[in-house]
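The structure appears below as structure tokens.
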Amino acid sequence: MSQIKRVAIVGGNHGNELTGIHLVKKFQQYPNLINRASFETLALLGNLKAIEEGKRYIDKDLNRCFTNQGLQNPQLSSYEDTRAKAIQHILQPQNQPFVDVIVDLHSTTANMGLSLIFCDMHPFLLRLGAYLSSTNPMVKIFVNQQSRDGGFLRSLCELGFVIEVGAVAQNILNAELFQQTEQLIYGILDYFENCNQGNIPQINSTLTFYQYIETIDYPRSDAYGGLRQRGEIKAMIHPHLQFRDYEPLNPGDPMFLTFEGKDIFYEGESTVYPIFINEAAYYEKGIAMHLSQKQQEIV
């Protein structure tokens with residue numbers, strides 16, 4: 001693994017996720033907190049206008065605007081498309097290489113604890129995940145290889161990843177989660193520093209992680225005319241499943257509850273592990289949860 005020379009910590013890709021926003025502002029005010037001897041660290045705010053207005057986005061989701069096609073298309077002129085191009089230029093100034101690592105800070109209304117989300121099974125990231133989860137049992141690793149082409153900021157570089165913390169409401173700060181996220185960031189930066197110095201921390205060689213399987217929507221009525229793309233929601237997350245991210249969901253377990261009080265059960269053939277359960281921002285995307293498989297990998 002070559003040396004890490006530049007790291008970007010980005011908060012506020014979504015303007016109503018305050019944990020990352022205020023951590024980045026803190027790092028901008030006190031850069032010594034994220035400075036390390038062997039590499040440069042940049043603290044960057046993402047969707048500036050949405051942060052100012054306390055919204056997830058202005059015109060469209062900024063964290064879906066980082067596709068190669070979109071970044072190279074001058075005809076795309078929404079605020080988020082323009083801001084995505086500006087962020088790309090900040091992360092790769094003229095005549096300089098792109099940043100080696102992107103740490104993209106997010107918060108969620110789902111009970112995700114301290115989650116790291118990887119686009120792929122990069123060996124360096126898996127070792128980082130194994131180290132962090134071995135030192136802090138709250139840390140969970142989610143691998144979603146389907147997201148590589150989704151226009152996410154983290155996909156811009158080989159070692160890009162997300163820190164997703166929750167449960168915390170939109171436009172709300174939770175002091176405990178704020179401090180836990182802050183300490184997790186320092187642990188990540190210290191790990192990079194040790195790797196650059198040739199002092200790779202000794203870890204348990206087996207990583208437990210959660211591999212994306214599929215996305216589940218809410219039960220809906222049949223769609224009808226006009227511009228509506230999906231029918232109305234017919235059921236809610238079942239109380240037995242709410243806030244149970246990363247816990248096993250077995251065939252026959254209750255999954256949804258209709259407005260009339262009828263249980264809807266999970267009909268899969270094997271045990272799965274739901275995450276992003278009932279995320280508020282995913283209602284508009286037609287996502288009730290992601291399902292994952294619990295796996296282990298020797299790193």
Side-chain angles (χ1 to χ4, degrees), residues 7-25 42-73 76-92 98-99 101-110 112 114-120 125 141-172 181 185 212 215 275-276 278-290:
V7 174
I9 301 173
V10 183
N13 256 339
H14 298 132
N16 57 3
E17 297 179 4
L18 299 191
T19 303
I21 293 168
H22 286 280
L23 279 170
V24 164
K25 288 182 176 181
L42 168 70
L44 174 66
L45 290 172
N47 196 327
L48 299 176
K49 190 176 288 189
I51 291 170
E52 183 178 337
E53 297 190 17
K55 299 177 178 177
R56 181 175 173 88
Y57 55 78
I58 301 300
D59 298 318
K60 60 199 297 190
D61 193 330
L62 175 61
N63 204 33
R64 305 296 186 273
C65 292
F66 294 96
T67 62
N68 288 332
Q69 182 179 6
L71 291 169
Q72 295 169 13
N73 185 350
L76 296 179
S77 58
S78 75
Y79 175 75
E80 276 79 12
D81 286 311
T82 302
R83 182 60 182 159
K85 295 180 179 71
I87 290 172
Q88 183 190 38
H89 291 143
I90 293 170
L91 298 181
Q92 187 176 18
F98 204 83
V99 293
V101 180
I102 296 172
V103 183
D104 188 15
L105 305 179
H106 289 265
S107 55
T108 172
T109 61
M112 299 279 286
L114 301 175
S115 293
L116 270 64
I117 303 177
F118 301 154
C119 288
D120 56 35
L125 293 180
I141 309 300
F142 175 50
V143 180
N144 185 357
Q145 291 164 303
Q146 304 293 322
S147 67
R148 171 59 71 181
D149 302 318
F152 297 92
L153 172 64
R154 64 180 180 267
S155 65
L156 289 183
C157 75
E158 190 176 28
L159 298 181
F161 62 93
V162 161
I163 297 177
E164 188 84 55
V165 302
V168 60
Q170 297 171 350
N171 281 318
I172 292 292
T181 306
I185 292 168
Y212 172 84
T215 296
I275 66 170
F276 281 110
N278 211 13
E279 161 58 45
Y282 286 177
Y283 274 73
E284 69 176 24
K285 300 179 187 296
I287 299 173
M289 69 192 76
H290 295 318

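Source: prediction; values computed, not measured. Computation of the quantities below employed the complete heavy-atom set of this structure, encompassing side-chain atoms and omitting hydrogens, waters and symmetry-equivalent molecules.
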Side chains of [X] and [Y]: closer than 4.5 Å at any heavy-atom pair?
| X | Y | answer |
| --- | --- | --- |
| N47 | K55 | no |
| L116 | F142 | no |
| I21 | K25 | yes |
| N171 | L18 | yes |
| I87 | V10 | no |
| V101 | F161 | yes |
| L159 | V7 | no |

Atom pair [atom1]/[atom2] of [X] and [Y] - distance to nearest 0.5 Å:
| X | Y | atom1 | atom2 | result |
| --- | --- | --- | --- | --- |
| L45 | L23 | CG | CG | 11.0 Å |
| I185 | I9 | CD1 | CD1 | 5.5 Å |
| I90 | L44 | CD1 | CG | 5.0 Å |
| E164 | T181 | CD | OG1 | 10.0 Å |
| N13 | D104 | CG | CG | 4.5 Å |
| L114 | I163 | CG | CD1 | 8.5 Å |

Quiz prompt | Plane angle bin for Y282 and F276 - parallel if under 30°, tilted between 30 and 60°, otherwise perpendicular | solution =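 The arrangement is tilted - the two ring planes meet at 30° to 60°.
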Quiz item: If only atom types and distance count, is the side chain of N144 paired as donor or acceptor with the main-chain N or O of I117 below 3.5 Å?
Solution: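 Answer holds: no.
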Exercise. Using atom types as modelled and distance alone, determine if a side-chain donor or acceptor of Q170 lies under 3.5 Å from a backbone N or O of T109.
Key: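 No: the side chain of Q170 does not pair with the backbone of T109.
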Exercise. Write out all pairs satisfying salt bridge (Lys or Arg N to Asp or Glu O under 4.0 Å) with one or both partners inside residues 56-67, taking only residues at least two apart or from two chains.
Key: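 Matches after skipping sequence neighbours: E17-R56, R56-D61, K60-D81, D61-R64, D61-K285.
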Smallest separation among heavy atoms of [X] and [Y], with atom names:
| X | Y | answer |
| --- | --- | --- |
| Y283 | N278 | OH-OD1, 2.5 Å |
| Q88 | L71 | NE2-CD1, 3.6 Å |
| E80 | C65 | CB-SG, 3.9 Å |
| V162 | R154 | CG2-NH1, 3.2 Å |
| H290 | T215 | ND1-OG1, 3.0 Å |

Quiz prompt | side-chain hydrogen bond (donor to acceptor under 3.5 Å, both in side chains) against E284, all qualifying residues, sequence neighbours excluded | solution =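 With neighbours one apart ignored, the set is Y57.
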Quiz item: With S107, which residues qualify under side-chain hydrogen bond (donor to acceptor under 3.5 Å, both in side chains), at least two apart?
Solution: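 By the side-chain hydrogen bond (donor to acceptor under 3.5 Å, both in side chains) rule, S107 matches no residue at all.
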Quiz prompt | Any side-chain donor near an acceptor of the partner, T108 and E279, under 3.5 Å | solution =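 Side chains of T108 and E279: pair found under 3.5 Å.
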